[in-house]
Structures are given as structure tokens and as C-alpha cells.
Engineer: 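Sharing a structure, written as C-alpha cells. Questions coming.
Naming convention: chains lettered A, B, ... in sequence-line order (proteins, then strands); numbering from 1 in each chain.
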Amino acid sequence: MNESLLHRELLAQIALGSEPALKQLYDLFKSRVYNTALSYLQNPAEAEEVTQDVFVNIYRSAVRFEGKSSVNTWVYRIAVNLSLDRLNYRNRRKRFGFLVGLPDDAEQPPHFDHPGVLLEQKENARILFQAIQSLPGQQKTAFILSFVEDLPRQEVADVMELSLKAVESLLQRAKANLRKQLDNFFPGRRI
Amino acid sequence: MEKEAWKDRILGSLEGAKRAEPDPSLYDGIRARLNATGPVAQMHVVRRPYLALAAAFLVLLLTANIWALTQRYPEKSAAPNTSIYQLYAANFDLY
């Protein structure tokens, strides 16, 4: 069966309440969803929570899937939105915690090492992920989907519900901003 | 020049990277959440306790203001009683 048809068939079964179909869809999409969430949150525990949220959300909203986009695009859209929600929640909590002295429940490690990056690139990727954190939301999404998830530009545009041209412009700005940010990490820079 | 080459290396550091995999037991958590009743609503409330606190504070503030206003301008006593004025006029008759 064609991959796209299989996804739609699974989603139709999930809409009828089939848990085995959800497990099958989970096995197909778990690494895409987890990897996307991990790229935003740079914290494995939070990325796993968001992955759970995504599949619970899929189970509950499968009945509302209209088929206007591919299932792949739809799942990525949910993953991106919930990851951004989580980031906003974390930032709000940080601000509020600062004001009232609440402890931070999701302690952020000082450095993030992506487990899938080649060993010889670990150090460079660690710097890149630190710089990615400073990007504005849309630029961050375009960059993560294009260069971490390696999605084709058209698919990125579909997930973000933007034109191809808009995504290319976002990527240009993201790269320019990252280059600026990287000035702060250059070894031996003058302070 | 050296700096720009270094930046290029950093920006290209994700080439050949593989996707990260979640913990194998993660699906058990999803199943547990699906079987629990009303986890979404519950999670929503627990996640934003400060919103509830802020809302409660606003309601309290509003109630206190309304109470203060009603104490300051009571409906009945605010209207002057004409018979009392007539009495004063009789007692302090200047003419």
C-alpha cells in the first residue's frame, strides 16, 4: 500500500477509536515527532512529554482531520505547535518564577547534545543548538524543519501554512541571524 | 575569513545527523493517558495555577471595590430627607 494511503487509513481507524492503529501510527512517526520536539526544547524529558501530548492529541482529533494536507504534514504541524506552546509555557513560568521565587521544574542543562549528531560534529552542533535558541519562532521552525528534520522546502511551507517564497525568506533571515549569533561563540573572540 | 569558515562548519554540523529516538516505554505513557478520564482538562488546570490565582485576585479586587462603593454611597441614605431640612430651617431661622 502507498505510504500516504496507509497513513490515511490508519488515521481513519484512529478516528473510530482504534488503539492498535494509533500504535502503528506512533511507530511510524515517533522519531519525527520526538526529534522535532527535542530540537525546540533541547531537553529529552520535555521532548518526551510533548511527544505524548502529540499522540494523545492525534487520537482525540483524528475525527476532525479533513484531508486537506497529508497526514505527515498534519502530524508535523501538531508537533510544531505543541513544541512552541511548551516553549512559551516554559518562558512564562521562568518569568513568573523569577517574580515570585518559584523553583524551575524543568531545569535546563547548560549544554545540549543531540544524540543523532555524528561524533566528530558534536561540539559544533552543540554551539549551533545554542544559537538556534535565540531565533524568533517562525525562523526557528523553518530552520529546524529544513535542516534538522531535513524536510523538502515545499513540505516546510505546507506545515507552516506559508508560501514557498516566504519559507525561503525565513531561512535566509534565520541563517543571517545565526551567523550574527555565532560571533558570540567564536573561540578567542575579544570581549 | 577564518571566522566565516568556522561559521560555515558550525552551520553544516547537522549534516549526516540521524533522528533521535524516544524511550521505548514512551507509548505506555500515552496509553495510560488515553485510559485516564479527562487528562487534558486536568493538565490544563494544573499547568497554569498562577492564572487561577490571578483570576481569583481580580475577582476579590472587584468585589472589594464594589463593596467600598456601596458603603460610601448607600442608595437610601444618599437622598436628602426634606422633612429634616424643614426642621433645620425652623430651628435656625435667621429672619
Side-chain angles (χ1 to χ4, degrees), chain A residues 19 22-23 26-27 30-39 44-45 47-49 51-60 89 92-93 96-97 99-100 102 114-118 120-129 131 143 147-150 175 178-183 185-187 189, chain B residues 1-69 71:
Chain A
E19 245 189 75
L22 180 72
K23 173 73 170 89
Y26 172 80
D27 287 336
K30 63 180 176 188
S31 56
R32 296 177 225 195
V33 170
Y34 177 69
N35 198 50
T36 304
L38 187 64
S39 305
E48 288 198 344
E49 277 182 39
T51 305
Q52 287 191 346
D53 291 347
V54 169
F55 285 96
V56 169
N57 198 305
I58 288 172
Y59 188 75
R60 291 187 175 153
Y89 164 71
R92 273 200 312 272
R93 196 178 159 80
F96 185 72
L99 286 175
V100 299
L102 272 180
H114 190 287
V117 169
L118 299 174
E120 61 270 27
Q121 296 285 9
K122 288 266 183 207
E123 184 64 40
N124 288 345
R126 185 185 293 171
I127 296 170
L128 179 59
F129 274 108
F143 191 87
F147 297 109
V148 184
E149 272 305 297
D150 216 10
K175 281 184 183 174
L178 285 174
R179 291 189 95 86
K180 259 188 236 167
Q181 273 296 316
L182 288 175
D183 281 333
F185 297 95
F186 186 64
R189 76 187 176 98
Chain B
M1 195 69 183
E2 187 200 347
K3 196 186 211 178
E4 293 310 304
W6 176 81
K7 286 181 185 179
D8 288 337
R9 284 200 301 279
I10 299 288
L11 288 171
S13 63
L14 296 175
E15 271 174 35
K18 288 179 182 163
R19 283 194 180 116
E21 292 286 331
D23 189 279
S25 64
L26 191 68
Y27 189 74
D28 296 338
I30 294 170
R31 199 163 38 205
R33 279 178 56 181
L34 291 179
N35 294 332
T37 49
V40 170
Q42 203 177 357
M43 183 179 69
H44 194 74
V45 172
V46 173
R47 269 188 176 184
R48 295 175 172 84
Y50 52 89
L51 279 185
L53 272 175
F57 177 74
L58 280 176
V59 169
L60 196 69
L61 195 69
L62 200 67
T63 313
N65 272 293
I66 291 169
W67 181 80
L69 283 172
Q71 291 301 306

Engineer: Tell me, side chain or backbone of A/Leu128 under 4.5 Å from chain B's heavy atoms, or both, or neither?
Structural biologist: both
Engineer: Side-chain contact, heavy-atom cut-off 4.5 Å: A/Asn35 with B/Glu21?
Structural biologist: no
Engineer: Show your reasoning for whether side-chain contact (heavy atoms from CB on, under 4.5 Å) applies to B/Ile10 and A/Phe186.
Structural biologist: CA-CA 10 Å; B/Ile10 299 288; A/Phe186 186 64; over 6 Å; no
Engineer: Quick check on A/Arg32 against chain B: is it the side chain, the backbone, both or neither that has a heavy atom closer than 4.5 Å?
Structural biologist: both
Engineer: Just jot down the side chain to side chain donor-acceptor pair (under 3.5 Å) partners of A/Asp27, sequence neighbours excluded, or say none.
Structural biologist: A/Lys23
Engineer: Nearest heavy-atom pair of A/Tyr34 and B/Pro22: which atoms, and what distance?
Structural biologist: CD2-N, 3.4 Å
Engineer: Quick check: does any side chain N or O of A/Glu48 sit under 3.5 Å from a backbone N or O of B/Asp23, one acting as donor and the other as acceptor?
Structural biologist: yes
Engineer: Which atoms of A/Glu120 come close to chain B, meaning under 4.5 Å heavy atom to heavy atom: side chain ones, backbone ones, both, or neither?
Structural biologist: neither
Engineer: Above 12 or not: heavy atoms from other molecules or residues under 6.0 Å from CD of B/Glu2?
Structural biologist: no
Engineer: Do A/Leu182 and B/Trp6 have side chains that approach each other closer than 4.5 Å (heavy atoms only, starting at C-beta)?
Structural biologist: yes
Engineer: In Å, rounded to the nearest 0.5 Å, how long is the span from CZ of B/Arg31 to OH of A/Tyr26?
Structural biologist: 11.0 Å
Engineer: Please evaluate residues B/Lys18 and A/Val117 with respect to the criterion side-chain contact (heavy atoms from CB on, under 4.5 Å), reporting the C-alpha separation (whole Å), side-chain torsions for both, the decisive distance (0.1 Å), and the verdict.
Structural biologist: CA-CA 6 Å; B/Lys18 288 179 182 163; A/Val117 169; over 6 Å; no
Engineer: Go through B/Glu15, B/Arg19, B/Lys7 and name the one with the most non-hydrogen pairs under 4.5 angstrom from chain A.
Structural biologist: B/Arg19
Engineer: What residue, out of A/Lys30, A/Arg179, A/Lys122, has the most heavy-atom pairs lying under 4.5 Å from chain B?
Structural biologist: A/Arg179
Engineer: Could you have a look at A/Thr36, A/Thr51, A/Leu22 and say which one has the most heavy-atom pairs with chain B under 4.5 angstrom?
Structural biologist: A/Leu22
Engineer: Do A/Gln52 and B/Leu34 touch side chain to side chain, with heavy atoms closer than 4.5 Å?
Structural biologist: no
Engineer: What residue in B/Gly16, B/Ser13, B/Ala17 has the most heavy-atom pairs under 4.5 Å with chain A?
Structural biologist: B/Ser13
Engineer: So, A/Lys175 and B/Asp8, do they make that salt bridge, N to O below 4.0 Å?
Structural biologist: no
Engineer: Is A/Leu38 close to chain B through its backbone or its side chain, or both, or neither, when contacts mean heavy atoms under 4.5 Å?
Structural biologist: side chain
Engineer: Taking the side chain as every heavy atom from C-beta outward, state whether B/Leu14 and A/Asn124 have any atom pair closer than 4.5 Å.
Structural biologist: no
Engineer: Once you round to the nearest 0.5 Å, how far does CG of A/Asn57 lie from CD1 of B/Ile30?
Structural biologist: 11.5 Å
